[in-house]
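To start, the structure under review is shown below, and the notes come after it.
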Protein chains: 2
Amino acid sequence: MENTIQKIQAVYPLSQPSLGALTDVLTQITVPKGKLLFKAGRIEKDIYFIEQGIARAYSIQDDKEVTFWFGSEGDLLFAYNSYVANNPGYENIELLEDAVLYKFSVKDIQQLYTTNIEIANWGRKFAEQEMIKTEERLISRLFSSAGQRYHDLVDTAPHFIQRIQLSHIASYLGVTQVTLSRIRAGKQ
Amino acid sequence: MENTIQKIQAVYPLSQPSLGALTDVLTQITVPKGKLLFKAGRIEKDIYFIEQGIARAYSIQDDKEVTFWFGSEGDLLFAYNSYVANNPGYENIELLEDAVLYKFSVKDIQQLYTTNIEIANWGRKFAEQEMIKTEERLISRLFSSAGQRYHDLVDTAPHFIQRIQLSHIASYLGVTQVTLSRIRAGKQ
DNA sequence: TCCATCTTTTTACATATGTTAAATAATCTT
DNA sequence: AAGATTATTTAACATATGTAAAAAGATGGA
């Protein structure tokens, strides 16, 4: 569980006992490529660390899939509204490769939040970092053209470009695959 | 400080002693319309609750202001990167009306986070709620046209439409003011 | 290795949105 | 109240991106 431990300590360093309390609630599972782990409209009870593999989150809008997130090793899979407020999620999350995950329940982590101040602060830092990342994605949409954002993605997350099919990348960038082809051909 | 207290308790209910510990670090200030409270590139040491007034956050991109956030009574003014990581912010925050704010320092709140588990969980819930709100803004951009988003804003936040000039609204919606005029005229 | 399927690119055309500028409307100042 | 300034709408034109369909390329199974 190397990637998972590294992610946990990168969010907010925990003492050995607190780290133990957190890892005690984790269970390893393997999931095949193509598995739809989260479905929109459900209250999701579990959260997963990605130890190995790649995933995308999408929603259906006017009969079309809109991809709005990619994750890989070290990222967490969770439904925002289920995690925060025990409400139905709007995200479908699909594994794009065979994956190894560490699973735990929202209930377990919330129990730890109210009893262990280190883990409460871990949860705070985790939410703060997700908040920053989400804000960055929003800002990048507001400030940059699809072409710029494609090149940013090539520079900062080449593994996404290499491992994910272009129809999903185009959707993520907010353009059609035709436009992404034009971008890749250097026509803008 | 009615709006501020109400906001604090809405994020995560605090016991009387914890609420006292938090409000003890607040100072009331008044700020005139037009004041630029946060400037991009600075490490911002303070955070503010909006007790009364309205504000916008924007950045400069290619010589143009891009507005990406509005806030009013009960919202917090803070620079994401300064609050989370003590880094320079990318946001300019301008008061659009004469305002009453409650000010406190990032340092003070972080001190409380490490010593008071209730306030640590308050900070966690606050970040989680900001994360959800930011994700919602992103999703709304991805899924809805500017026209739909304008009508959503009219329905869910009419005070923003009434109190904020249309050039800022257009920027927030990600279109030019010409397009917003066409939307308002019902031409789409 | 060949065929079927899936993915990506290219083409041709339609259209929504941007740009620039002018006209109208609203607000502020003295 | 008049004039000046600022905000909003309208018009005319240019262009980037979407749509639909076909072509080209890649992948996988028998």
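Order of the sequence lines sets the chain letters (A, B, ...), proteins ahead of strands, with each chain counted from 1. Keep in mind it's a predicted model, so treat the numbers as computed, not measured.
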R141(A): side chain to side chain contact (heavy atoms under 4.5 Å, CB included) partners, not counting sequence neighbours: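 R141(A) satisfies side chain to side chain contact (heavy atoms under 4.5 Å, CB included) with R149(A), L138(B), L142(B) only.
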Only counting residues at least two apart or in another chain, list the ones meeting side chain to side chain contact (heavy atoms under 4.5 Å, CB included) with S105(B).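 Side chain to side chain contact (heavy atoms under 4.5 Å, CB included) list for S105(B), sorted by chain: D46(B), K107(B), D108(B).
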Is the distance from the ring center of F104(A) to that of F49(A) below 6.0 Å?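 Between F49(A) and F104(A), which both carry aromatic rings, the centre distance is below 6.0 Å.
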Scan residues 52-72 of chain B against DNA chain C and write down, sorted by residue number, each residue with any heavy atom closer than 4.0 Å; if none is found, say none.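 Contacting residues: K64(B).
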Assuming nearest nucleotide by heavy-atom distance, tell me which of S145(B) and Q177(A) is located more 5' along DNA chain C.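 The residue whose closest nucleotide sits nearer the 5' end is Q177(A).
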Can you tell which of dG18(D), dG18(C), dT8(C) lies closest to the side chain of T176(B)?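 The nucleotide sitting nearest to the side chain is dG18(C).
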Which nucleotide, dA12(C), dT8(D), dT10(C), lies nearest any side-chain atom of S181(B)?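 Out of dA12(C), dT8(D), dT10(C), the nucleotide with an atom closest to S181(B)'s side chain is dT8(D).
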Can you check side chain to side chain contact (heavy atoms under 4.5 Å, CB included) on L180(A) and R184(A), steps first, answer last? CA-CA 6 Å; L180(A) 179 54; R184(A) 286 162 57 87; 3.9 Å; yes
Give me the bend of the helix from dT1(C)-dA30(D) to dT30(C)-dA1(D), using the axes of the five pairs at each end, rounded to 10°.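 Between the axes fitted at each end of the helix from dT1(C)-dA30(D) to dT30(C)-dA1(D) lies an angle of 50°.
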Among all residues two or more places apart in sequence or in another chain, which pass the salt bridge (Lys or Arg N to Asp or Glu O under 4.0 Å) test with E97(A)?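 Partners of E97(A) by the salt bridge (Lys or Arg N to Asp or Glu O under 4.0 Å) criterion, ordered by chain and then number, come out as R163(A).
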For E118(A), all residues meeting salt bridge (Lys or Arg N to Asp or Glu O under 4.0 Å), sequence neighbours excluded: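 Salt bridge (Lys or Arg N to Asp or Glu O under 4.0 Å) list for E118(A), sorted by chain: empty.
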Which residues pass the side chain to side chain donor-acceptor pair (under 3.5 Å) test with Q28(B), sequence neighbours left out?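 For Q28(B), the residues satisfying side chain to side chain donor-acceptor pair (under 3.5 Å) (neighbours in sequence not counted) are Y102(B).
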Extract all donor-acceptor atom pairs below 3.5 Å that involve side chains of residues 2-13 of chain A and protein atoms in other chains or at least two apart in sequence.
{"unit_1": "N3(A)", "atom_1": "ND2", "unit_2": "E51(A)", "atom_2": "O", "d": "2.7"}
{"unit_1": "T4(A)", "atom_1": "OG1", "unit_2": "E51(A)", "atom_2": "OE1", "d": "2.8"}
{"unit_1": "Q9(A)", "atom_1": "OE1", "unit_2": "L14(A)", "atom_2": "N", "d": "2.8"}

All N/O contacts under 3.5 Å from nucleotides 20-24 of chain D to the protein, with atom names and distances to one decimal?
none

Check which hydrophobic residues are tied to V178(A) through side-chain heavy-atom contacts below 4.5 Å, counting indirect links as well, and list them.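 Members other than V178(A) - counting any ILVMFWY side chain reachable under 4.5 Å - there are none.
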Contact summary for H159(B) and S72(B), nearest pair of heavy atoms: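 Between these two residues, the closest heavy atoms are NE2-OG, 3.2 Å.
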Salt-bridged, K133(B) to E130(B), with N to O below 4.0 Å?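 Judged by the 4.0 Å cut-off on N to carboxylate O distance, K133(B) and E130(B) do form a salt bridge.
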Distances for protein N or O near nucleotides 22-30 of chain C N or O, under 3.5 Å:
none

Residues 82-95 of chain B side chain polar contacts: donor-acceptor under 3.5 Å, at least two apart:
{"unit_1": "S82(B)", "atom_1": "OG", "unit_2": "E44(B)", "atom_2": "N", "d": "3.0"}
{"unit_1": "S82(B)", "atom_1": "OG", "unit_2": "N87(B)", "atom_2": "O", "d": "2.7"}
{"unit_1": "Y83(B)", "atom_1": "OH", "unit_2": "Y113(B)", "atom_2": "OH", "d": "2.6"}
{"unit_1": "Y90(B)", "atom_1": "OH", "unit_2": "E135(A)", "atom_2": "OE2", "d": "2.9"}
{"unit_1": "E91(B)", "atom_1": "OE1", "unit_2": "Y80(B)", "atom_2": "N", "d": "3.4"}
{"unit_1": "N92(B)", "atom_1": "OD1", "unit_2": "A40(B)", "atom_2": "N", "d": "3.1"}
{"unit_1": "N92(B)", "atom_1": "ND2", "unit_2": "Y58(B)", "atom_2": "O", "d": "3.3"}
{"unit_1": "E94(B)", "atom_1": "OE1", "unit_2": "R56(B)", "atom_2": "NE", "d": "2.8"}
{"unit_1": "E94(B)", "atom_1": "OE1", "unit_2": "R56(B)", "atom_2": "NH2", "d": "3.0"}

